[in-house]
*Asks:* 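I am attaching a structure below and will ask some questions about it afterwards.
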Amino acid sequence: MTDQTRLASADELESIFQRELAIDRWAATETAYALAVRHRDLGDWPRSREWVQQCLRLLEGFPSATEEQVATSRTSVAGVQLPTYLHSGVVQERFGDLG
């Protein structure tokens, strides 16, 4: 398994996302968020937008009424720091018009 603290390449993160999507949709959602951050930090705005939208689509499938329901299960994904809570409001706040 990839070390969760090292900086993975965008390609590595996309592979992780594909594996997680099949077995753990919440982990895949966290990884989609990490991919949006990674591409934004690389200056690849179109790819960042794609991953923001993917993250938001996945978030639609989860309840978000309580903090427990939106709490992230990890602190980081492959070196990308995750927010404590992950829901559409946080994504919109962090990415603005990219969402």
*Asks:* Any heavy-atom pair between the side chains of L21 and L58 that's under 4.5 Å?
*Replies:*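 SC-SC contact between L58 and L21 confirmed.
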*Asks:* If you look at every heavy atom in C55 and V91, which pair is closest and at what distance?
*Replies:*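 That would be SG-CG2, 4.0 Å.
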*Asks:* Can the ring centres of F17 and W51 be said to be less than 6.0 Å apart?
*Replies:*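 Ring centres of W51 and F17 closer than 6.0 Å.
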*Asks:* Do T31 and R74 come within less than 4.5 Å of each other through their side chains, counting heavy atoms only?
*Replies:*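 Yes; the side chains approach each other to less than 4.5 Å.
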*Asks:* For T75 and Q81, test the side chains for any donor-to-acceptor distance below 3.5 angstrom and give the result as yes or no.
*Replies:*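 No donor-acceptor contact under 3.5 Å links the two side chains.
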*Asks:* On a heavy-atom basis, which atom in V70 and which in P63 lie closest, and how many Å separate them?
*Replies:*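 Minimum heavy-atom contact is CG1-O, 4.2 Å.
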*Asks:* Does any non-hydrogen side-chain atom of R25 lie less than 4.5 Å from one of F62?
*Replies:*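 Yes, their side chains come closer than 4.5 Å.
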*Asks:* What pair of heavy atoms forms the shortest contact from L35 to A10, and how long is it?
*Replies:*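 Heavy atoms of L35 and A10 come nearest at CD2-O, 3.6 Å.
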*Asks:* Any side-chain heavy atom of W26 within less than 4.5 Å of one from L86?
*Replies:*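 The answer is yes, as the side chains (C-beta and beyond) meet within the 4.5 Å cut-off.
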*Asks:* Mind checking whether T72 and Y85 have side chains closer than 4.5 Å, heavy atoms only?
*Replies:*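 Side-chain contact under 4.5 Å: no.
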*Asks:* How close do H87 and L59 get, counting heavy atoms only, and between which atoms?
*Replies:*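 Heavy atoms only, the tightest pair is C-CD1, 3.7 Å.
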*Asks:* Measure across H39 and S48 and return the closest heavy-atom pair with its distance rounded to 0.1 Å.
*Replies:*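 Minimum heavy-atom separation between H39 and S48: CB-N, 3.6 Å.
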*Asks:* Calculate, to the nearest 0.5 Å, the distance between atoms OG and CD belonging to S15 and E20 respectively.
*Replies:*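 The distance works out to 11.0 Å.
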*Asks:* When rounded to the nearest 0.5 angstrom, what distance separates CH2 in W45 from CZ in R40?
*Replies:*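 If I round to the nearest 0.5 Å, the distance is 6.5 Å.
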*Asks:* Between R19 and E14, does at least one N-O distance fall below 4.0 Å, as a salt bridge requires?
*Replies:*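 Looking at E14 together with R19, the answer is no, because their closest N to O distance does not fall below 4.0 Å.
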*Asks:* Which residue in the set Q54, Q53, R47 passes side-chain hydrogen bond (donor to acceptor under 3.5 Å, both in side chains) when paired with E50?
*Replies:*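 One option only clears the test, and that one is R47.
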*Asks:* Thinking salt bridges, do E60 and R57 make one under a 4.0 Å N-O criterion?
*Replies:*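 Judged by the 4.0 Å cut-off on N to carboxylate O distance, E60 and R57 do not form a salt bridge.
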*Asks:* Are the side chains of Q92 and L56 in touch, meaning some heavy atoms are under 4.5 Å apart?
*Replies:*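 Yes. Closest side-chain heavy atoms under 4.5 Å.
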